[in-house]
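One structure is given here, and the rest of the page talks about it.
Each chain gets a letter, A, B and so on, in the order its sequence line appears, and its residues count up from 1.
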2 protein chains.
Amino acid sequence: MGAKSAAGSTGRIVIIGGVAAGMSAASRAKRFDPGAEVVVFERGDYISYGACGLPYVIGGEVEDFDDLIARTPERMRGQGIGIRTGHEVTGVDAKAGTVTVLDRAAGRTTTEPFDRLLIATGVRAVRPDWAHTTLSGVHVLRDIPDGQAIEASLQGKDGKAPKRACIVGGGYIGLEMAEALHARGLNVVLLEKGPEVAGRMLDTQLQRRVRAELEAKGVDVRCGTAVEGLTGEGHVTGVQTSKGLVRADLVIVAVGVKPNTELVKAAGARLGKTGAVAVNIRQETSVPGIYAAGDNSESLHRVTRRKVHIPLGLTANRMGRVAGVNMAGGDATFPGIVGTAIFKVFELGAARTGLTQAEADALGLKAVSVDVDSTDHAGYYGDSRPIHVRLTAEVGSGRLLGVQLVSPRHISVKRVDVVAALLHRRSTVQHLFDTDLAYAPPFSGVWDVLLVAADKLNRKIKTA
Amino acid sequence: MGAKSAAGSTGRIVIIGGVAAGMSAASRAKRFDPGAEVVVFERGDYISYGACGLPYVIGGEVEDFDDLIARTPERMRGQGIGIRTGHEVTGVDAKAGTVTVLDRAAGRTTTEPFDRLLIATGVRAVRPDWAHTTLSGVHVLRDIPDGQAIEASLQGKDGKAPKRACIVGGGYIGLEMAEALHARGLNVVLLEKGPEVAGRMLDTQLQRRVRAELEAKGVDVRCGTAVEGLTGEGHVTGVQTSKGLVRADLVIVAVGVKPNTELVKAAGARLGKTGAVAVNIRQETSVPGIYAAGDNSESLHRVTRRKVHIPLGLTANRMGRVAGVNMAGGDATFPGIVGTAIFKVFELGAARTGLTQAEADALGLKAVSVDVDSTDHAGYYGDSRPIHVRLTAEVGSGRLLGVQLVSPRHISVKRVDVVAALLHRRSTVQHLFDTDLAYAPPFSGVWDVLLVAADKLNRKIKTA
């Protein structure tokens, strides 16, 4: 590790990656130790943007990609943080305490010293072999340039304006893009290799509701369909699948992400079993003084007490804050996650936290679930809408394990947060049932659907 | 106490009052001990209705008063529960184990034995001296007949159809009726004696938002205005106030409620300091074998560890269940409340749980609050709306004390439940901040507004 620089009490803090984790870390480090020198190297041209908003720009809910940008380089520089966009870190020498940096515009490489290093390089979209293609009209969606490329395709800048979209993958991105492209007037086919969409997120009962919503809105969903290749010359014309050819002049490949760990490995730091970076609760890697945070890193799942790799925006921001404070000489810890996730597809909201029944089974837990179909507001109230809750607990202990919700009023599933809070505080089904939840007819039934589910699950646990 | 009847293992269970607590108790008792004889005496003609829905029937959000009825006498009888509507219990003899019952239609009084008794007599609307009037067009709103009487007035059945309504009292009922009568096309004046509306519910900062919403919708809100009397001959024509005469041909008196405790006193059971019935955690009064539950009873506030009287529908239902199980020979306990409440007035939702700053101050707690103005969904997302959060904690311990929210998308304030859950589990501001709340742009910012408030409050506590 390099000697402390004269610039500040904690010396020179170098951050690789300027999106969620990286920028949170930079801000926190500078706030904690205003004397520290903080420099951020970002390979791309944009920093500090909400990647989760990309499908909504394409769909038209958000006007412009620039609207996703939370903090501009100018503003960060005004806070005394060095921002170098277009600068790609290509190597790390942990012993020497230096990184090798390529100025992409100038094509020039320099060596930069650090006292503390944060590797916040995020994830990349997985591209199967068949998706390594020179055909235009084939996209992934991970960052703003990806979004801009899709927008350019939609406007016909790489050929004719497309009419038929094929989305490969039924996870969040695939689902959100199905809605976005449908909103842009395209015919949309969604291909999913597994038996249902939202496969990693929900149990089968709720996956089906998600698919039903897509189909009701006119999306052609084909599950159990594997992609074998693409057709076309110059521009894509179709997707070859295990069940025949799907004609398409726009293809979105959304089959997952994997952590960018090359620099972590170069630094000699350890990866976890998940394939993401192993960090301690202070976000430090196995190499002292080198930290990792954000989508490339593992986190502790507080329900299972296992390390998991669930890259999400809030987690990345939290990890970045913790790393920033610690790099600046403070002592912050990341308490872990409980596996909360939420998405909207057309009118339908879906959310989950903790474990699904399938996940609990896979971990060998003795879990039991109940399903409740009710209304989000008082049943007699004019605008009440259906809501489905699936609540899961451990037999014997009654420990709350998780909840899943779907509702055609999407924001009604934000109730998931109540269970997330209780999971953080290691609670039982009885604790949930005892909770004084807010009731008035325009908001819920007397017994909020979460309480109805807890009551039913309590009875089931006792007889299990 | 009377001898156990031959009818069942726990004998004869008599329940006075057939609305929320009474009917919950009846159902639970019968389910717990199918051999028990369960008889409910209800003074009125309706049982088991959601009184909280009354303003929405008048406003038109709910079609008919009958829609509020959850369980009919026929259905309850089908479960083997004796339902005697139109039967008023006029006396209790605890030693003899009997109640005196007046059959109101027949004008006949009988004596009925009980082994266990539940007094679930609820509350009555407070009528100040000036509201004891023979003028037509003057109403309170507590039960279905009250609602029907207001509906009759609105239809001109007691004179001409009214054009100008005056509501006295700016609590829930007053606010909800302001919206309902405005929806029916009346000019509405709302009078409040105190300095602001929603006085017992929110701190001043948020009270003002509620008043602003009323005023924006055209309700004439006059705070600091005391009522001195009514004017009119036959039908009401106006309300005389400390600030002059308010012309009105419909007057709703909504100045609070008080517990119906006459029968409790007759039974020799103790009242608490709040004036409501003192019960233990099994809902038993100071007289063994005599229980009380619902709006007439005190409950334990889990944040302050004090007994409070906060009559609300969910609490009444919970208390009734507990009393029912215990009367049938089981052992259930009521865990208490955390002071959660929620209401909607026009587009605005308002909610609170725990303590307000004013309440914490009054209790001598060293509390501190922060206010956050943010958006309910991601700021850049098309339909995001403002939300105001006021979060309160104890200095030193960092213990979470309460939260208040207002938002023009009313259901966004249902987030209050997250803090309610954490209050039940006695948590700190840090616990809230650490919670893995659900994020996607159509649901919240990356940092849900509750997390933003927790972060701000954490900093304020440290410097306090």
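- Contact of B/H431 with chain A is made through the side chain alone, with heavy-atom distances under 4.5 Å.
- Using a 4.5 Å cut-off between non-hydrogen atoms, the part of residues 418-425 of chain B that approaches chain A consists of B/V418, B/A420, B/A421, B/L422, B/H424, B/R425.
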Review point. Checking side-chain contact (heavy atoms from CB on, under 4.5 Å) for the pair A/I411/B/R409: CA distance, chi angles, key distance, verdict?
Key: CA-CA 11 Å; A/I411 50 179; B/R409 174 160 28 226; 3.6 Å; yes

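- Proximity to chain B (any heavy atom under 4.5 Å) is restricted, for A/V416, to the side chain, taken from C-beta onward.
- With chain A as the partner, the residue from B/R321, B/R426, B/Q430 showing the most heavy-atom pairs under 4.5 Å is B/R321.
- The choice from A/D434, A/D376, A/D67 that makes the most heavy-atom pairs within less than 4.5 Å of chain B is A/D434.
- Within the 4.5 Å cutoff, no side-chain heavy atoms of A/D436 are placed close to those of B/L312.
- For A/F433, the parts sitting under 4.5 Å from any heavy atom of chain B are the backbone and the side chain alike.
- In terms of heavy-atom pairs under 4.5 Å with chain B, the best-connected choice from A/G336, A/G445, A/P335 is A/P335.
- Taken to the nearest 0.5 Å, the NE2 atom of A/H377 stands 10.5 Å off from the CD atom of B/E61.
- Looking at A/V413 and B/F443, their side chains come closer than 4.5 Å, going by heavy atoms from C-beta outward.
- Heavy-atom distances place the side chain of B/D455, and not its backbone, under 4.5 Å from chain A.
- Of the two parts of A/R415, only the side chain, counted from C-beta on, holds a non-hydrogen atom closer than 4.5 Å to a non-hydrogen atom of chain B.
- The residue among A/A316, A/S444, A/S427, A/A20 with the most heavy atom pairs within less than 4.5 Å of chain B is A/S427.
- Proximity to chain B involves both the backbone and the side chain of A/L68, based on heavy atoms less than 4.5 angstrom apart.
- Contacts with chain B were tallied for A/D64, A/N317, A/D417; A/D417 has the most, counting heavy-atom pairs under 4.5 Å.
- Salt-bridge annotation for B/K414 and A/D448: present, with a side-chain N of the basic residue lying under 4.0 Å from a carboxylate O of the acidic one.
- Between A/C52 and B/P441 the shortest heavy-atom distance is O-CG, 3.5 Å.
- Comparing A/T315, A/L314, A/V62, A/L451 by heavy-atom pairs within less than 4.5 Å of chain B, the highest count is held by A/L314.
- In this structure, the side chains of A/L437 and B/T340 stay at 4.5 Å or more apart for every pair of heavy atoms.
- For residues 344-354 of chain B, a heavy-atom distance under 4.5 Å to chain A picks out B/K344, B/G349, given by residue number.
- For a residue to count as touching a neighbouring chain, one of its non-hydrogen atoms must lie under 4.5 Å from one of that chain's; by this rule B/Y172 does not touch chain A.
- Interface remark: of the candidates A/P442, A/A440, A/G382, A/P442 forms the most heavy-atom pairs closer than 4.5 Å to chain B.
- The contact between A/F343 and chain B is made entirely by backbone atoms, counting heavy-atom distances below 4.5 Å.
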